[in-house]
Amino acid sequence: MKRSRYTSFAIIAVTVIAVGTLLLENTGFLTGAFRTEILARVDDGDVVNAADIAGGTMR
């Protein structure tokens, strides 16, 4: 007797949505939708270099 394989509708739906989203991003339609630019400013007083750590001096 053969066993029929049951594929869940939810698994198929999630797969189709994921593949569709990847294709839309690669074609340029969703370019930048999943990317984030991090803008930051670092002050000189916040920077610790190797000499500070090796010498044991902390600011």
Legend entry - Residues that Leu23 engages under side chain to side chain contact (heavy atoms under 4.5 Å, CB included), provided they are two or more places apart: Val19
Inset, instruction - List, by chain and number, the other hydrophobic cluster members for Ile12, where Ile, Leu, Val, Met, Phe, Trp and Tyr join if side-chain heavy atoms come within less than 4.5 Å, directly or indirectly. - result: Val16
Inset, instruction - Could you tell me the separation between the CG atom of Asn26 and the OG1 atom of Thr21, rounded to the nearest 0.5 Å? - result: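 Reported to 0.5 Å precision, the distance equals 11.0 Å.
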